[in-house]
K.L.:
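The structure under discussion is supplied below as structure tokens; questions concerning it will follow.
Since we're looking at a predicted model, the values are computed, not measured. Naming: A, B, ... by sequence-line order, numbering from 1 per chain.
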Amino acid sequence: MSNSVLAAIIAEHAGREGPLLPILHDVQAEFGCVSPEAEAQIAAALNLSRAEVHGVVSFYHDYTPTAEGRPVVQVCRAEACKARGVESLMPSAMAAAGDRVKLHTVYCLGLCATGPNARVGDRLHSRLDAPALAKIIENA
Amino acid sequence: MMLIKISDDALARALGADELAEAFAAKGHEVHRTSSWGMQWLEPLVEIDGKGFGPATLGDVDAILNGSSDKAIGVIEQHPFIAGQTRFTFARAGKTRPTSLADYHATGGWQGLMRARQIGPEQIIAEVLESGLRGRGGAGFPTGIKWKTVAGAVADQKYIVCNADEGDSATFADRMVMEGDPFQLIEGMAIAGEAVGATRGYIYVRSEYPDAIRKLNEALVQCADIIAPFVCEVRMGAGAYVCGEETSLLNSLEGKRGEVRAKPPLPALEGLFGKPTVVNNVLSLAAVPHILAEGGSAAYAQQGMGRSKGTMPIQLAGNIKHGGLYEVAFGVTLGELVNVIGGGTASGRPVKAVQVGGPLGAYLHPDQFDIVFDYEAYTAADALIGHGGITVFDDTADMGSMARFAMEFCAAESCGKCTPCRIGSTRGVELIDRIRAGGRKRDVIELAPQMQNTVKDQGRSVAEEVALLTDLCETMKFGSLCALGGFTPYPVMSALKHWPEDFAPEARAVLEAAE
Ligand SMILES: Cc1cc2nc3c(=O)[nH]c(=O)nc-3n(C[C@H](O)[C@H](O)[C@H](O)COP(=O)(O)O)c2cc1C
Ligand code: SF4
Ligand code: FES
């Protein structure tokens, strides 16, 4: 069974050079995941095997096989943010997140002189201390 | 009514610049959202009549307006952090509105491209060669030579690909160019297209940079007619660090897994979709309009030292007091960057270690602070300049855990193509854990009576584990296809060499005995 929203996304990009990643980005944004059914439909439309599409989906961190129901807070834990103490914020951040919020580790948001840093959706937060990070998590 | 300038750079926005701009506008003032000066410890920085106030909060608005604010830093251009720089690539930083075509025109924009069209491909390449420009993405390969190869290739289609994957921790210069001066990057790509005969360009931007993607797209719409027949498009990465490696990036653009390709063939001859392709870093391409302007290549080549010509936008990050973007000629010492320009640590504690060149760069000890910023000098010290990121750590840093993180990062981001990197990184994490645990005891299976040949009362000592880690690092260094697996040993071994006690109390004695 094919999905018409998905078909529209595929049609929008099909004429481009290298259409697969742009399609997958839109699918992930629309459905919160790239499901096995979506992989099959994309594969059929682009004349690829399902294995090829699955190989691509599973390679990249941005695509997930199932949707995350919880709000997601990305926290940078790369070197420059470690140097600015992000690790010491993690215990209280985890406590604030509990089971309600998903804390997702990322490596570098490009704000490396003013960390620790977090991202919720397209909104960035910088110069965080424990209370500020906890507040972002509570509001997520 | 006053004219207030506040940056719309992602970093300033993450620190409340939007709210601040609204507050000034609500009081009836005209607010221009400009690019960032790069003094990030002062963001959000408010500029009125050339004078700066920062880091500003909503509570500072009234005091800034009536002249009584204690956040005043004086005339921005005279601030030592700005006055000490030689800004070519960041000449417009802090001064123009990023997506204003009028601002770009008024500040010398498109002159490089216009001149390039007059002088033609051979002369463009000659001037890029003359400037001495080397790739700013990490490997430092001469840009002019790369262009010459692509120019000489015969094909029905060639491509210019801009590597804007900027995955290294401590780097943000690419982001600042894309957000702060997007036309300059586009102009650089159009000049590259002119030089090699390419009519299509792609900018591959990491998905962590939504602001950069938005601004590049805004800019591209506005300048489509100016760069025509060159056509340029933004593509978003999908969260894989390794896609910054040029062949992995090309696979990703083609819609494949971001696995690294073996070289040869060089991307210059068989790149995107098998066609001759220039892959250049954002900073390499953004330096080109200046170089192609009248007298630009000579001015560029005059800066720098040895075979490292021109300027490098250095990024001061981590635990540093004055963090931000510092564009300066090659040749500056690390000590000056960290202690003088950077003002030491933000925490006020002593500097313990400095990582130069991102996650694959070595950790340098303050004893090495006289090393000068130069590709060859760093290579000679078993270190690398990479993309010019500098991360400062104070004396609370645990270098054993940083070494472990280097291996962990390699394991998380490995493309999986070759064994030393894919498996070695995981074994490396385990080894460092065992060293930190004081060696290794026999495990349950080895202790089972069925394992007749295992000596039961013996484990492995720290000395043996250190020898194994050293051996593993050698294997990764020489047996990996790309620098992810090949350079991860640098942070690991430099941390072990300089701070062995952060691994195990007896590690220093072990290292000395091994020498
Ligand atoms: C693991 C890995 C990651 C890399 N990441 C980047 C990157 O984010 N940006 C970049 O420009 N170059 C990166 N490079 C270097 C590129 O492979 C390539 O050398 C560069 O894009 C060439 O452009 P340049 O000559 O202008 O430096 C990376 C290399 C490796 C091995
Ligand atoms: S070194 Fe690692 S990232 Fe590079 S090609 Fe080999 S497996 Fe891939
Ligand atoms: S290291 Fe955390 S934002 Fe760059």
K.L.:
Side chain, backbone, both or neither: which part of B/Asp174 has an atom under 4.5 Å from a heavy atom of chain A?
P.N.:
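Nothing of B/Asp174, per the 4.5 Å heavy-atom cut-off to chain A.
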K.L.:
Where does B/Ser207 contact chain A at under 4.5 Å (heavy atoms): side chain, backbone, both or neither?
P.N.:
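Backbone plus side chain of B/Ser207, per the 4.5 Å heavy-atom cut-off to chain A.
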K.L.:
Taking side chain as everything from C-beta outward and backbone as N, CA, C, O, which of these in B/Leu11 sits under 4.5 Å from a heavy atom of chain A? Side chain, backbone, both or neither.
P.N.:
both
K.L.:
Return the minimal non-hydrogen interatomic distance between B/Thr391 and A/Ala83, and the atom names on each side.
P.N.:
CG2-CB, 4.0 Å
K.L.:
At a heavy-atom separation under 4.5 Å, does B/Pro55 approach chain A through its side chain, its backbone, both, or neither?
P.N.:
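Contact with chain A: side chain only.
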K.L.:
Indicate whether the side chain of B/Tyr202 and that of A/Glu17 have a donor and an acceptor atom separated by less than 3.5 Å.
P.N.:
yes
K.L.:
So what's closer than 4.5 Å to chain B heavy atoms on A/Arg77: side chain, backbone, both or neither?
P.N.:
backbone
K.L.:
By a 4.5 Å heavy-atom criterion (distance strictly below it), what part of B/Gln315 contacts chain A: side chain, backbone, both, or neither?
P.N.:
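No part of B/Gln315 comes within 4.5 Å of chain A.
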K.L.:
Please flag which part of B/Ala10 lies under 4.5 Å from any non-hydrogen atom of chain A: side chain, backbone, both or neither.
P.N.:
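Both the backbone and the side chain of B/Ala10 come within 4.5 Å of chain A.
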K.L.:
What part of B/Cys243 lies closer than 4.5 angstrom to a heavy atom of chain A: side chain, backbone, both or neither?
P.N.:
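Answer is side chain: those atoms of B/Cys243 sit under 4.5 Å from chain A.
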K.L.:
As an exercise: rank B/Glu166, B/Arg235, B/Gln40 by heavy-atom pairs under 4.5 Å with chain A and give me the winner.
P.N.:
B/Arg235
K.L.:
For A/Ser126 and B/Leu15, indicate whether the former's side chain and the latter's backbone hold a donor-acceptor pair under 3.5 Å.
P.N.:
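Not confirmed, A/Ser126 side chain does not pair with B/Leu15 backbone.
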K.L.:
Name the option with the most non-hydrogen atom pairs under 4.5 Å to chain A; the candidates are B/Ala170, B/Gly323, B/Gly258.
P.N.:
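Most heavy-atom pairs within the cutoff with chain A belong to B/Gly258.
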K.L.:
Quick one: do A/His61 and B/Tyr241 satisfy side-chain contact (heavy atoms from CB on, under 4.5 Å)? Show the steps, please.
P.N.:
CA-CA 9 Å; A/His61 298 302; B/Tyr241 174 77; over 6 Å; no
K.L.:
Go through the steps to decide whether B/Cys415 and A/Phe59 satisfy the test side-chain contact (heavy atoms from CB on, under 4.5 Å), and finish with yes or no.
P.N.:
CA-CA 8 Å; B/Cys415 86; A/Phe59 183 86; 4.1 Å; yes
K.L.:
Closer than 3.5 angstrom, by distance alone: can the side chain of A/Arg84 be matched with the main-chain N or O of B/Asn319 as a donor-acceptor pair?
P.N.:
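No, the answer is negative, given that no donor and acceptor are paired below the 3.5 Å cut-off.
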K.L.:
Evaluate A/Leu21 against B/Ser252 for side-chain contact (heavy atoms from CB on, under 4.5 Å), listing each step before the verdict.
P.N.:
CA-CA 8 Å; A/Leu21 258 68; B/Ser252 186; 3.3 Å; yes
K.L.:
Hey, which of B/Phe405, B/Phe393, B/Phe273, B/Phe172 has the most heavy atom pairs under 4.5 Å with chain A?
P.N.:
B/Phe405
K.L.:
Side chain, backbone, both or neither: which part of B/Met402 has a heavy atom under 4.5 Å from chain A?
P.N.:
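Just its side chain gets close to chain A.
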K.L.:
Run the numbers on A/Tyr107 and B/Phe409 for side-chain contact (heavy atoms from CB on, under 4.5 Å), then give the verdict.
P.N.:
CA-CA 9 Å; A/Tyr107 299 122; B/Phe409 182 77; 3.6 Å; yes
